[in-house]
Amino acid sequence: MNKENHKKILVLNGPNLNLLGTREPETYGHNTIDQLEALSVEAAAKHGLTVDFRQTNSEGILVDWIQEGRNGYAAIILNAAAYTHTSVAIHDAIAAITTPVIEVHLSNVFAREEYRHHSYVSDVAKGVICGFGTHGYVLAIDSVASMLRNQS
Ligand code: DQA
């Protein structure tokens with residue numbers, strides 16, 4: 001793996017996150033997905049890192065992208081959205097790779113409906129950040145930078 005690839009973070013967003021900004025803004029805030037991408041790019045740049053930022057409504061595509069993340073990425077930041085609470089396939093994809101995965105949610109899922117309290121991602125994730133809105137992505141990127149510093 002070349003050194004440059006070590007500095008890339010794969011940021012994956014699941015279903016309905018394309019609607020950020022207009023979707024239940026009292027829960028998910030007013031930032032659009034494009035603004036969230038810009039925030040992530042800026043946060044990564046502060047650490048000399050780059051992000052590959054993606055969104056899909058499809059579970060299978062998320063699985064494909066997680067598998068893609070096994071090579072060439074320092075870490076994956078994953079907001080699997082509703083699939084967090086349903087997808088054994090996403091759990092298995094994360095378990096199958098060694099690239100660290102940080103689980104992120106905009107909302108505090110534990111303060112919401114009970115069906116959001118269980119995550120198929122958390123037990124295979126390096127860490128979990130939830131409840132801080134879009135700033136959670138910045139916290140996740142800062143955590144990746146800190147992990148990389150500790151490795152070198
Ligand atoms: C979410 C929380 C999930 O429960 C929900 O299905 C989402 C978004 C969040 O970012 O807060 O779509 O992952």
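We count ligands from 1, going down the list as the structure has it; atoms in each ligand are counted the same way.
- Placement of Phe53 and Leu106 within a single hydrophobic cluster is found when ILVMFWY residues are connected by side-chain heavy-atom separations under 4.5 Å, directly or transitively.
- Among residues two or more places apart in sequence or in another chain, the side chain to side chain donor-acceptor pair (under 3.5 Å) test is passed with His47 by Asp142.
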What pairs of donor and acceptor atoms, side-chain ones from residues 126-140 against any protein atom, are under 3.5 angstrom apart with sequence neighbours left out?
| from | atom 1 | to | atom 2 | distance (Å) |
| --- | --- | --- | --- | --- |
| Thr134 | OG1 | Asn31 | ND2 | 3.1 |
| Tyr137 | OH | Asn13 | OD1 | 2.6 |
| Tyr137 | OH | Asn79 | ND2 | 3.2 |

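- With rounding to the nearest 0.5 angstrom, the OH atom of Tyr83 is 12.5 Å from the CG atom of Leu78.
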So what's ligand 1 close to, N/O to N/O, under 3.5 Å?
| from | atom 1 | to | atom 2 | distance (Å) |
| --- | --- | --- | --- | --- |
| ligand 1 | 4 (O) | His85 | NE2 | 2.7 |
| ligand 1 | 4 (O) | Arg116 | NH1 | 2.9 |
| ligand 1 | 6 (O) | Ala82 | N | 3.2 |
| ligand 1 | 6 (O) | Arg116 | NH1 | 3.0 |
| ligand 1 | 10 (O) | Asn79 | ND2 | 2.9 |
| ligand 1 | 10 (O) | Leu106 | N | 2.8 |
| ligand 1 | 11 (O) | Leu106 | N | 3.2 |
| ligand 1 | 11 (O) | Ser107 | N | 2.9 |
| ligand 1 | 11 (O) | Ser107 | OG | 2.6 |
| ligand 1 | 12 (O) | Arg23 | NH1 | 3.1 |
| ligand 1 | 12 (O) | Arg23 | NH2 | 2.9 |
| ligand 1 | 13 (O) | Asn79 | OD1 | 2.8 |
| ligand 1 | 13 (O) | His105 | ND1 | 2.8 |

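- Atoms CD1 and NZ, from Ile76 and Lys8 in turn, are 12.0 Å apart once rounded to the nearest 0.5 Å.
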Under 3.5 Å, which donor-acceptor pairs do the side chains of residues 90-98 form with other protein atoms, sequence neighbours left out?
| from | atom 1 | to | atom 2 | distance (Å) |
| --- | --- | --- | --- | --- |
| His91 | ND1 | Tyr120 | O | 2.9 |
| His91 | ND1 | Asp123 | OD1 | 3.3 |

